[in-house]
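Reading through the structure tokens given below for one structure.
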Protein chains: 2
Amino acid sequence: MLKLTRKVEYALIAVRHMQAMESGKLTSAKEIALSHGLPQQLLAKTLQKMAKENIIEAVQGPSGGYRISSNSDKISLKDFFEKLEGPLGMMDCYFDSECIQLGACNIRTPIQRINDNMRNMFSKMTLREATQ
Amino acid sequence: MLKLTRKVEYALIAVRHMQAMESGKLTSAKEIALSHGLPQQLLAKTLQKMAKENIIEAVQGPSGGYRISSNSDKISLKDFFEKLEGPLGMMDCYFDSECIQLGACNIRTPIQRINDNMRNMFSKMTLREATQ
DNA sequence: TTATATACGATAATTATAGTCGTATTTATT
DNA sequence: AATAAATACGACTATAATTATCGTATATAA
Ligand code: FES
Ligand code: FES
């Protein structure tokens with residue numbers, strides 16, 4: 001319960017790897033995967049997703065790769081998580097109002113209260129803070 | 001990601017159900033399950049777990065059932081979660097140090113920092129506050 | 001004695017996550 | 001122009017975790 005996914009885990013590892021690189025230098029999916037013992041294909045997908053979301057920059061072709069994006073400093077942990085995994089709710093009903101109950105729901109308010117707190121916490125932490 | 005389990009969800013529903021009862025009165029697993037459309041057997045197990053953990057009180061035999069325990073006021077949401085689902089870590093390595101990586105781990109510190117924040121947040125919220 | 005409730009271990013079903021495969025595209029290098 | 005090495009993506013499979021059920025034992029009020 002309340003676990004991160006591997007995708008996010010790998011993303012964090014990759015971010016730290018890129019932050020540790022000399023400024024502007026590229027690194028590849030292969031390089032990160034090998035040096036941390038991660039499944040390359042899965043990591044590659046995660047990197048592609050991060051590139052699409054402008055967390056990192058991608059350069060194609062041989063001698064291409066990825067580097068950390070400059071605006072990654074501003075991104076919150078909440079946004080980081082949501083860009084990778086979609087809306088961040090402890091229960092699905094937080095967003096799509098598909099209540100699991102027949103109609104006698106008595107936890108909508110509690111769930112929202114708890115979830116708001118969690119989202120608020122992750123909004124206040126930046127990716128930079130968390131990974132530095 | 002970062003979702004509650006059904007077990008916890010059902011537990012929250014049950015707690016609120018019992019809080020709404022007249023003081024001291026008992027309610028049964030069947031009653032709760034029927035009135036909220038939950039699977040009775042699974043809910044029953046969760047109630048048994050809660051009873052074992054002194055979150056609620058159990059009375060056996062016909063006309064038995066459960067009622068909210070008086071010390072449920074003091075319990076934190078973190079303890080509530082952990083009593084039901086075990087240690088609360090966003091990654092397993094937070095506790096058993098079974099690092100997923102081959103040996104080149106670079107996220108131990110970040111993970112601990114993030115997780116400490118989360119645990120701290122749930123430590124500060126009481127079950128009572130959350131469900132009232 | 002019966003009926004109804006909790007207690008609990010074992011197992012099955014379902015769902016979500018994790019990982020792989022195949023192929024297309026880009027582009028530096030030769 | 002050909003090749004090789006990288007990103008880009010969709011479809012698929014495998015694995016793990018969660019969810020739910022089954023069967024049986026025990027307690028106890030009526
Ligand atoms: S269970 Fe979330 S709204 Fe009812
Ligand atoms: S992944 Fe958690 S300690 Fe390395």
Side-chain angles (χ1 to χ4, degrees), chain A residues 1-11 13-14 18 25-34 36-67 69 81 84-92 98 100-101, chain B residues 1-11 13-14 18 25-34 36-67 69 81 84-92 98 100-101:
Chain A
M1 193 183 77
L2 298 174
K3 289 266 197 313
L4 297 182
T5 59
R6 289 266 194 258
K7 230 157 79 181
V8 168
E9 218 172 291
Y10 298 163
I13 291 171
M18 287 183 268
K25 277 265 181 143
L26 293 169
T27 183
S28 68
K30 190 177 182 181
E31 194 171 66
I32 301 176
L34 284 178
H36 295 90
L38 308 179
Q40 183 175 337
Q41 305 253 44
L42 187 51
L43 173 65
K45 283 196 168 180
T46 304
L47 290 166
Q48 285 156 27
K49 192 76 194 293
M50 284 198 279
K52 213 170 187 177
E53 299 288 350
N54 295 312
I55 301 167
I56 63 180
E57 287 166 23
V59 175
Q60 286 195 322
S63 80
Y66 303 93
R67 66 168 76 90
S69 161
F81 289 162
L84 289 174
E85 294 287 355
L88 194 58
M90 295 196 313
M91 283 184 59
D92 296 333
E98 282 170 24
I100 51 159
Q101 297 195 61
Chain B
M1 192 182 78
L2 298 174
K3 289 267 198 314
L4 298 181
T5 59
R6 289 267 194 257
K7 230 157 78 181
V8 167
E9 217 173 291
Y10 297 163
I13 291 171
M18 287 182 269
K25 278 265 180 142
L26 292 170
T27 184
S28 68
K30 191 176 181 182
E31 194 172 66
I32 301 175
L34 284 178
H36 295 89
L38 309 179
Q40 182 174 337
Q41 304 254 44
L42 187 52
L43 173 66
K45 284 200 166 177
T46 303
L47 290 166
Q48 286 157 26
K49 192 76 194 292
M50 283 197 278
K52 212 172 188 176
E53 299 288 350
N54 296 312
I55 301 167
I56 63 180
E57 288 165 24
V59 175
Q60 287 195 324
S63 80
Y66 303 93
R67 66 167 77 91
S69 161
F81 289 162
L84 289 173
E85 294 287 353
L88 194 57
M90 296 198 311
M91 282 184 59
D92 296 334
E98 283 170 22
I100 51 157
Q101 297 196 59

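Numbers restart at 1 for each chain; the letters A, B, ... are given by sequence-line order, proteins then strands.
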Listed partners of E31(A) passing side-chain hydrogen bond (donor to acceptor under 3.5 Å, both in side chains), at least two apart: T27(A)
S28(B): partners by side-chain hydrogen bond (donor to acceptor under 3.5 Å, both in side chains), with sequence neighbours left out: none
Given atom [atom1] of [X] and atom [atom2] of [N], what is their separation to the nearest angstrom?
X      : N       : atom1 : atom2 : answer
D92(A) : dT15(C) : CG    : P     : 13 Å
E57(A) : dT26(C) : CD    : P     : 19 Å
L26(A) : dT26(C) : CG    : P     : 19 Å

Chain A footprint on DNA chain D, 5' to 3' - any atom under 4.0 Å from a heavy atom: dA4(D) to dT18(D)
Results of side chain to side chain contact (heavy atoms under 4.5 Å, CB included) for Q41(B) - residues two or more places apart only: none
Results of side chain to side chain contact (heavy atoms under 4.5 Å, CB included) for I56(A) - residues two or more places apart only: M18(A), L47(A), M50(A), A51(A), Y66(A), I68(A)
Salt bridge (Lys or Arg N to Asp or Glu O under 4.0 Å) involving K3(B) - partner list, sequence neighbours excluded: D92(A)
Under 4.0 Å protein heavy-atom contact, by nucleotide of nucleotides 5-11 of chain C - B base, S sugar-phosphate only: SBBBBB-
Salt bridge (Lys or Arg N to Asp or Glu O under 4.0 Å): pairs with one or both residues in residues 43-53 of chain B, sequence neighbours excluded: E53(B)-K83(B)
Residue pairs fulfilling side chain to side chain donor-acceptor pair (under 3.5 Å) with at least one residue in residues 54-65 of chain A, sequence neighbours excluded: E57(A)-R67(A)
Atom pair CG/CE of L4(B) and M1(A) - distance to nearest 0.5 Å: 5.5 Å
